[in-house]
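Here the structure is laid out as C-alpha cells; the discussion comes afterwards.
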Amino acid sequence: MRDSNVNFNFLHRTCTLVVLLCFLHISVTLFYYVRSWDFKQHFVQSHQGQRKLAAEGEGTEEEAKHTTTFPDLLPNATESTKDLQKCPEPSPLLVGPLRIEFSSPVSLELVRKENPALQNGGRFKPKDCIALQKVAIIIPFRNRDEHLKFWLYYLHPILQRQQLDYGVYIINQDGDDTFNRAKLLNVGYAEALKEYDYDCFVFSDVDLIPMDDRNTYKCFSQPRHLSVSMDKFGFRLPYNQYFGGVSSMSKEQFLKINGFPNNYWGWGGEDDDIYNRLSSKGMSISRPSGAIGKCRMIRHERDKQNDPNPQRFDRIAHTRETMHKDGINSLSYKVLKVEKDRLFTKITVHVGKPPN
Ligand code: UDH
Ligand code: NGS
C-alpha cells in the first residue's frame, strides 16, 4: 500500500513538471514570435517611407541605397521594397539606327497596343530605375492627325528605351487664324509645368522622326538642337545657326531667354529668333553628330493659314531689343479643352490672331 502511494506521488510530481515545462516552452515561443512580428511591421513601414522619398527626389538616393534589406525575414516583401538606382547613362536599351518609313498608315489603337507601359496623358517613367530627367515633349499642332500617328508610333518606343520620365503634350491651335508655332511652344511649357515638375523641355515639330535612338530627347548643359541631319536637307544642316525642327532646353535655359517670341504669325523666322535669344545670353548650341542626328520629315504641302510671314526678317533683326518684353513673361492665351489619351495630352488653345 505504502509502495503504491510512493509511486503515485512520484508520478504526480513528474506530470506537474512536464506541464510546467510545456507552459514555459509555449510562453518563450510566443514571446519571440510577437517580438519578430512587431519588428517586421516597423521595418516594412520605414523602408517604404524611404523609397517614396527617394522616388520623389526628397530623400537622397544614397539614403535609400543604404537601407538594409532582410530578404530572409521578408520573403514576400522583397519585390515591393526593391531599391531603385539612377538609370545608367547611356541607356542599355538603345539599339542605334532605325528604319523609318511612312508608306503604310498606322492607327492609334495599334500604337496603344504596342505601348502597354504608358500611363494616361502620354506619361511614362522607367520602372526599374530613376530617370535622369523629367522631360515634357511639346508639339505645336493643327490638323496634322496623320503625322501625329506616325510620331506617336515611332517616338513612344524610342523615348521608353531612352529611359526618360516623360509626358507628351500636343498644343492644338484652335480656329483657323494664322498659325503661331512659337507661341504654342510657350503655351506647352506653361501648361506642362502645371502638371508635373518637369526639368527639361523638348520642342518637336509633329512631322520629324529621329532615325537613331541614341539621339536622346533630353537636356544638356547648353541648349540642344536635335534635328541636325534631316533627309530634306540631304542629311546636313541648312545653315550653322539653324535651330528649327526639334530642340531641347532645361527650365533654366528657357527662362534665361524669356522663353520664345509670341509675335511670329505664319511661317518662318521664329526659330532664328530663338537662336538669337540664346546667343545674346552667351549660350552655345549643343548638337549630336551628323550620323546620330539623322531624321526623316514626313513630306507635306504648305498648310492653310501658315504662309511665310513677311515681317520675319525685320523681327529677327531686333531680337535683342524685343526679347525681354516679348516671351514667357507676356504670354496670354485661353485653354479651351484638355483631352487625355493614353498616348498624349492634347490641349486646345485660343492664341489670338496677328494685330492688323
Ligand atoms: N504645324 C501644324 N499645323 C499647321 C502648321 C504647322 O501642326 O497648320 C506644326 C507642325 O508641328 C509642323 C510645325 O508646326 O511640323 C512646323 O510647321 P511646318 O511643317 O509647316 O514647317 P516646315 O518648315 O514646312 O516643316 C513648311 C512648308 C513646306 C512646304 C513645302 C511644299 N512642298
Ligand atoms: C529659314 C527660316 C527658318 C526655317 C528654315 C528652314 O530661312 O525659319 O529656313 O526652313 N528663316 C527665315 O525665313 C528668316 S524649311 O526649309 O524647313 O522650310 O526654319
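Order of listing sets the numbers, starting from 1, for every ligand and every atom in it. All residue numbers refer to positions in the sequence shown, counting from 1.
Between Tyr169 and Tyr198, the ring planes are perpendicular. Angles over 60° get that label, and only those under 30° would be called parallel.
Among Glu270, Gln241, Arg315, Lys232, the residue whose heavy atom lies closest to atom 17 (O) of ligand 2 is Lys232. With distances taken over non-hydrogen atoms, the option nearest atom 24 (O) of ligand 1 out of Arg181, His300, Gln305, Met297 is His300.
In terms of polar-atom proximity, Arg312 is counted as a contact of ligand 2, with an N or O under 3.5 Å from an N or O of the ligand. Any N or O atom pair closer than 3.5 Å counts here, and Ile139 shares no such pair with ligand 1. Considering backbone and side-chain atoms alike, Tyr242 places every N or O at 3.5 Å or more from each N or O of ligand 2. Considering backbone and side-chain N/O atoms, Arg302 never comes within less than 3.5 Å of an N/O atom of ligand 1. Of the N or O atoms in Lys304, none lie within a sub-3.5 Å distance of an N or O in ligand 1. For the pair Phe313 and ligand 2, the shortest N or O to N or O distance does not fall below 3.5 Å.
Using a cut-off of 4.0 Å between Lys/Arg side-chain N and Asp/Glu carboxylate O, Asp272 and Arg315 are scored as not salt-bridged. Between Arg181 and Asp205 there is a salt bridge, with a side-chain nitrogen of the basic residue lying less than 4.0 Å from a carboxylate oxygen of the acidic one.
The contact set between ligand 1 and Pro140, taken as ligand atoms under 4.0 Å from a residue heavy atom, comprises 7 (O), 9 (C), 10 (C), 11 (O). In the vicinity of Gly268, heavy-atom distances shorter than 4.0 Å reach the ligand 2 atoms 8 (O). Counting atoms of ligand 1 from 1 in the listed order, those under 4.0 Å from a heavy atom of Asn306 are 5 (C), 6 (C), 20 (O). Those atoms of ligand 1 with a heavy atom of Trp267 less than 4.0 angstrom away are 21 (O), 22 (P), 23 (O), 26 (C). Atoms of ligand 1 lying under 4.0 Å from any heavy atom of Asp205, numbered from 1 in the order shown and given with element: 11 (O), 13 (C), 15 (O), 16 (C).
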(request) In sequence, state the C-alpha distance, the side-chain angles, and the governing distance for Phe203 and Phe260, and then conclude on ring pair (Phe, Tyr, Trp, His ring centres under 6.0 Å). (result) CA-CA 11 Å; Phe203 305 98; Phe260 299 160; 4.8 Å; yes
(request) Determine, step by step, whether His225 and Tyr242 satisfy the ring pair (Phe, Tyr, Trp, His ring centres under 6.0 Å) criterion, reporting the C-alpha distance in whole Å, the side-chain angles of both residues, the deciding distance to 0.1 Å, and the verdict. (result) CA-CA 8 Å; His225 182 225; Tyr242 178 58; 5.2 Å; yes
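At a threshold of 4.5 Å between non-hydrogen side-chain atoms, the residues Tyr333 and Gln173 do not count as touching. Side-chain atoms of Ile347 and Asn172, non-hydrogen and from C-beta on, never get closer than 4.5 Å to each other. Annotation: side chain of Phe201 is not in contact with side chain of Ile137 (no heavy-atom distance under 4.5 Å). Between Ile171 and Val349, some side-chain heavy-atom pair lies under the 4.5 Å cut-off.
Closest to atom 3 (N) of ligand 1, if we only count protein heavy atoms, is Arg142 O, 2.8 Å. At the top of the distance list for atom 6 (C) of ligand 1, counting protein heavy atoms only, stands Phe179 CE2, 3.2 Å. Closest to atom 5 (C) of ligand 1, if we only count protein heavy atoms, is Asp303 OD1, 3.4 Å. Scanning all protein heavy atoms for the shortest distance to atom 12 (C) of ligand 2 gives Asp272 OD2, 3.4 Å. For atom 18 (P) of ligand 1, the nearest non-hydrogen atom of the protein is Arg144 NH2, 3.6 Å. For atom 8 (O) of ligand 2, the nearest protein heavy atom (residue, atom name, distance) is Asp271 OD1, 2.6 Å. In terms of protein heavy-atom proximity, atom 18 (O) of ligand 2 is closest to Trp267 CZ2, 3.2 Å.
Scanning both residues, Ile316 and Asn276, for their nearest heavy atoms gives O-ND2, 3.0 Å. Closest non-hydrogen pair, Val351 versus Trp265, comes out as O-CH2, 3.4 Å. Closest of all the heavy-atom pairs between Asp165 and Ala131 is N-CB, 3.4 Å.
Assignment of Gly269 to the shell around ligand 2 is supported, since a heavy atom sits closer than 4.0 Å.
Residue contacts with ligand 2 for Tyr239 involve side-chain atoms from C-beta outward but no N, CA, C or O (heavy atoms, distance under 4.0 Å).
In this structure, Arg123 contributes its side chain and Gly167 its backbone to no donor-acceptor pair below 3.5 Å.
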